[in-house]
Amino acid sequence: MKIGFIGYGSMAEALASKWVTKHSLFIGGRNLEKAEKLAKKLGKTVEFGSEAEAASFGEIVVLATRHEAVFEAINAAGGSDALADKVLLDINNPVDKSDFLAKTYDGISLAEEIARVVPNAHVVKAFNMCQAKVWQMNPPVFDDRPFVVMYCGDNNFAKQKIATLIEDVGCEAKDIGDLKYARMLEPAAAIVIKLLLSGHDPYTVLNLIQPELKAI
Ligand SMILES: NC(=O)c1ccc[n+]([C@@H]2O[C@H](COP(=O)([O-])OP(=O)(O)OC[C@H]3O[C@@H](n4cnc5c(N)ncnc54)[C@H](OP(=O)(O)O)[C@@H]3O)[C@@H](O)[C@H]2O)c1
C-alpha cells in the first residue's frame, strides 16, 4: 500500500518503522527538515515532503499531528478535495490534559468530525489506545498473545486496509463497528493517558501484563 503520513512525531515513527518493509511510505509535514530526518531514519526508499505531497502520495493518509492541529493539517494537505477517496487513518486522542476529559465536537468524536469535514474520504479510527512505546514493540505480544487493536469506521473496504496494517504491526485487528464508536475509543484512551501521566507503566496500563513480565 502507499501510505502518506502527515506528521513526523512519535506515533508516525513507531507505525512507519513497522510498515516500511511492506509498504511505500511518504513522510510529510510543515517542516521539511524534520520530515527528511524521519524519512532518512526509516530507510532510503522513504520519500518526504509537504502535507499536500503526503496526501497526494497516499492511498492511506495517516493524520499524525498533535490532535489540536488535525484540521490545520487537513487544510495544509489541500482540504476536502485533496483527500477525496483516501482512507484517512485517525490515530488522535483529543484529550485535554488539564482534566483528562476527551474533547467532543458538539457531542460527536474527533473521528466523526474529521469525516464531516472531509466527507468524501473514508475515516478509520485505530491505534489510539496505547502509547507509541507499545506500537514500537517487536511484535506487541503479551504473555505469548498478540495485542488486540480495536478499530472502527463506516467503509468496509477502508477498514479492511487498516486491519491489514494492524496485522502488519504484529497485532490482532478487532472491528468494533461504525465510526460512531470512536465516541467510546476516544474517552477510553483519555483514561489510559491519565494513568500514564500519573506514572503508570505503559506496558501495564491496560492490564496487559504484570510489570515483571514486560518485554522491554
Ligand atoms: N505518543 C503516543 O504515545 C500516542 C499514542 C496514541 C495516540 N497518539 C496521538 O497521535 C497523535 C500524534 O502524537 P505524537 O505523540 O506522535 O505527537 P508528537 O511526537 O508530539 O508529534 C506531533 C506532530 O504534530 C506536528 N504538528 C504540531 N502542530 C502542528 C501544526 N499546527 N501543523 C502541522 N503539524 C503540526 C508536529 O510537527 P512539528 O514538530 O513541526 O511541530 C509533529 O510532527 C496525537 O494526536 C496523539 O493524541 C499519541
Side-chain angles (χ1 to χ4, degrees), residues 3-19 25-42 46 48-55 61-79 82-83 88-98 100-105 109-111 113-114 117 123-137 140 147-152 162 165-166 169 171 182 185-206 208 216:
I3 305 171
F5 285 83
I6 301 182
Y8 30 63
S10 312
M11 282 293 282
E13 180 170 351
L15 296 174
S17 66
K18 292 297 185 66
W19 295 334
L25 305 187
F26 190 108
I27 304 296
R30 60 180 175 174
N31 181 316
L32 283 187
E33 280 178 22
K34 289 187 186 179
E36 179 177 17
K37 190 173 171 199
L38 178 56
K40 293 261 159 68
K41 190 173 175 184
L42 290 164
V46 179
F48 67 92
S50 67
E51 292 104 319
E53 288 171 314
V61 178
V62 187
L63 298 172
T65 64
R66 62 192 179 88
H67 75 86
E68 297 92 335
V70 164
F71 296 104
E72 200 178 321
I74 286 172
N75 281 338
L83 293 166
L88 284 189
L89 174 56
D90 170 26
I91 62 168
N92 299 280
N93 283 317
V95 176
D96 181 341
K97 290 188 183 133
S98 66
F100 296 104
L101 291 174
K103 172 181 163 64
T104 64
Y105 295 79
S109 61
L110 172 62
E113 180 65 5
I114 294 168
V117 169
V123 180
V124 179
K125 183 118 207 161
F127 296 110
N128 70 314
M129 287 292 292
C130 279
Q131 213 198 15
K133 282 182 179 176
V134 173
W135 307 125
Q136 277 165 354
M137 288 174 67
F147 185 47
V148 172
V149 177
M150 293 181 281
Y151 65 103
C152 61
I162 299 304
L165 292 179
I166 290 170
V169 170
C171 298
L185 283 183
E186 291 174 9
I191 296 170
V192 171
I193 292 166
K194 185 169 193 259
L195 291 170
L196 281 171
L197 293 186
S198 65
H200 209 289
D201 185 319
Y203 304 104
T204 64
V205 75
L206 293 174
L208 296 168
I216 43 179

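For clarity, every value in this text was computed on a predicted model and none was experimentally measured. As the structure lists them, so they are numbered: ligands from 1, and atoms in each ligand from 1.
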For ligand 1, indicate whether the residue N128 contacts it via side chain, backbone, both or neither (heavy-atom separation under 4.0 Å).
backbone

Measure E72 to ligand 1 on non-hydrogen atoms and call it side chain, backbone, both or neither using the 4.0 Å cut-off.
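Near ligand 1, E72 shows its side chain, while the N, CA, C and O stay back.
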
[X] and [Y]: which non-hydrogen atoms are nearest, and at how many Å?
| X | Y | answer |
| --- | --- | --- |
| C152 | A182 | SG-N, 3.4 Å |
| V149 | F127 | CG1-N, 4.0 Å |
| I6 | A54 | CG1-CB, 4.2 Å |
| N92 | P94 | O-CD, 3.6 Å |
| G49 | F26 | N-CE2, 3.2 Å |
| N93 | N128 | ND2-O, 2.7 Å |

Would you tell me which option among N93, L32, I193 has the nearest heavy-atom contact to atom 47 (O) of ligand 1?
N93

Nearest candidate to atom 13 (O) of ligand 1, where distance is taken over non-hydrogen atoms, out of E33, Q131, M11:
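Among E33, Q131, M11, the closest heavy atom to atom 13 (O) of ligand 1 belongs to M11.
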
[atom]: which protein heavy atom is closest, and how many Å away?
| atom | answer |
| --- | --- |
| atom 41 (O) of ligand 1 | R30 NH2, 2.7 Å |
| atom 36 (C) of ligand 1 | Y8 CE1, 4.1 Å |
| atom 27 (C) of ligand 1 | R66 NE, 3.4 Å |
| atom 11 (C) of ligand 1 | T65 O, 3.1 Å |

State, with a plain yes or no, whether a side-chain heavy atom of L15 is found less than 4.5 Å away from one of I3.
no

Answer whether the closest heavy-atom distance between the side chains of I191 and F100 falls below 4.5 Å.
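Side chain of I191 against side chain of F100, heavy atoms only: no contact under 4.5 Å found.
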
contact_flag [X] ligand 1 heavy-atom lt 4.0 Å:
| X | answer |
| --- | --- |
| A64 | yes |
| F127 | yes |
| C130 | yes |

For [X], atoms of ligand 1 separated by under 4.0 Å from a heavy atom:
| X | result |
| --- | --- |
| A132 | 2 (C), 3 (O) |
| N92 | 9 (C), 11 (C), 44 (C), 45 (O) |
| S10 | 15 (O), 16 (O), 19 (O) |
| K34 | 38 (P), 39 (O), 40 (O) |
| I91 | 7 (C), 8 (N), 9 (C), 10 (O) |
| G7 | 43 (O) |
| H67 | 44 (C), 45 (O) |

Going by salt bridge (charged side-chain N to carboxylate O under 4.0 Å, His left out), E13 matches just one of K41, K133, K40, K37. Which one?
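The salt bridge (charged side-chain N to carboxylate O under 4.0 Å, His left out) with E13 is passed solely by K41 among K41, K133, K40, K37.
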
How long is the span from the OG1 atom in T65 to the CD1 atom in I91, to the nearest 0.5 Å?
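It is 8.5 Å, given to the nearest 0.5 Å.
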
Apply the test side-chain contact (heavy atoms from CB on, under 4.5 Å) to residues W135 and C171: give CA-CA distance (whole Å), side-chain angles for both, the deciding distance (0.1 Å), then the verdict.
CA-CA 9 Å; W135 307 125; C171 298; 4.0 Å; yes

Residue that, paired with E186, satisfies side-chain hydrogen bond (donor to acceptor under 3.5 Å, both in side chains) out of K103, H67, K125:
K125

From atom 20 (O) of ligand 1, is the closest protein heavy-atom distance below 4.0 Å?
no

